[in-house]
Amino acid sequence: MQIINTIFGYPLGWIMWLCYKVIPIYGVALIVFTIIMRAILIPFSIKQQKSMVKMQIFQPKMQEIQKKYANNREKMNEEMMKLYQEENYNPMSGCLPMVIQFPVLFGLIDVIYRPMTHILRFGSEIVNQAATIAAPLLNVAADTFTKDYSSQLKIIGAVQQNPDAFSGIPGFVEAVNTLNLNFLGIDLTQTPSVGQFNILWIIPILSGLTSVLMTIFTMKQTAAASAGNSSAAGMSKGMMLMMPLMSVWFAFILPAGVGIYWIISNVLMAIQTFLLNKFMNPVKLAEQAREEMEIKREEARQAKIEAKKQAREEAKARGENPEDIEKALSQKEINRIKLAEARRRMAEKYGDSYTDVTDEDLK
């Protein structure tokens, strides 16, 4: 797990370092860091929203399949998968914004546990030298202390208690003393203890509370868009119910800084969900798309009637059989529809823009 945390920790460490450089208050820098990470994840949320719009458009087909194969679960799932493939839709895409938070969380854990590496930007040689000095002060074996994931936090404590012991490392004590890891009277490097009630308990409580409120709010916002897709709605609901429990658990076993991240992230996610549903409401956009499709179909139908009418009149003027001309025209329309459908699917698959079929394409 530490290796995974380190992999994600290095890129996120630079972001946290920049935040701390701009605002040298650890708690505020952590809040700014959280805002930046939520902003980076916005494209994934927009993609999720577009996926919900798409699902709304072909929802009548889903309901038809569910009704037709109500007594044959296996066949229903098979037809659903075919429909998803035809519409280029992934029912798991709704969970992506939630799942992608975990790499961010893993990286943040590394950033908080190793402030000397990520914020003070000390190299491994200086950190190991400081660990060698701190180990006997803390009555810990040096070889095991250097492998302790929380060793940097303990070194900071040792520096505060016995700064003279680290005087052999140029500039080390001064740099560590500039690092204020407290926020609103809470040491964000400390971990709340289940068996000992103190001020740190406010972090897991707020983490769980904001997660529950965000979950309820998000489920209400997305309820209409998930209607008709029981599997996707069930998975989304399961993930949302699991998140509050996870947020409390993480807040109790990890430093308080992780809990602060979770609290701010929950608030920002609720705001983001509200704004996305206000400006990209899946139900409204899907209804608008269906209306536009109906208008285009009606226009195409009228154009076809006019084309047939004109073809018959031209055939009469040339002394030809109008029925033969009409049959040829009908076949041409069939070819047009097939080509248009093929182009639409290719455009969706490769992200290209769709171009209408012209008479030149049918020659």
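Position 1 is the first residue of the sequence; numbering continues from there. Quick caveat: nothing in here was measured; it's all calculated off a predicted structure.
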Which of these passes side-chain contact (heavy atoms from CB on, under 4.5 Å) with Ile186: Asn182, Thr189, Leu188? Leu188
Whether over 12 other heavy atoms sit under 6.0 Å from Asn71 CG: no
Nearest non-hydrogen partners of Pro115 and Leu179, listed with the distance: CB-CD2, 3.8 Å
Hey, would you say the Phe33 and Tyr20 ring centroids sit under 6.0 Å apart? no
Determine, step by step, whether His118 and Trp17 satisfy the side-chain contact (heavy atoms from CB on, under 4.5 Å) criterion, reporting the C-alpha distance in whole Å, the side-chain angles of both residues, the deciding distance to 0.1 Å, and the verdict. CA-CA 6 Å; His118 296 295; Trp17 171 81; over 6 Å; no
Considering non-hydrogen atoms only, spot the tightest contact between Pro192 and Leu254 and give its length. CD-O, 3.6 Å
If only atom types and distance count, is the side chain of Asn177 paired as donor or acceptor with the main-chain N or O of Val173 below 3.5 Å? yes
Main-chain N/O of Pro244 paired to Ser247 side chain as donor or acceptor, under 3.5 Å: yes
Checking Ser207 side chain against Ile203 main chain: does a donor-acceptor pair fall under 3.5 Å? no
Pair Lys82 + Glu79: basic N to acidic O under 4.0 Å: yes
Yes or no on side-chain contact (heavy atoms from CB on, under 4.5 Å) for Leu276 and Ser45, after CA distance, side-chain angles and deciding distance? CA-CA 8 Å; Leu276 282 176; Ser45 298; 3.8 Å; yes
Side-chain heavy atoms of Thr273 within contact of Met214, under 4.5 Å: no
For a side chain to side chain donor-acceptor pair (under 3.5 Å) check, start with the C-alpha distance between Tyr69 and Asn77, then their side-chain angles and the critical distance, and finish with the verdict. CA-CA 9 Å; Tyr69 301 103; Asn77 292 334; over 6 Å; no
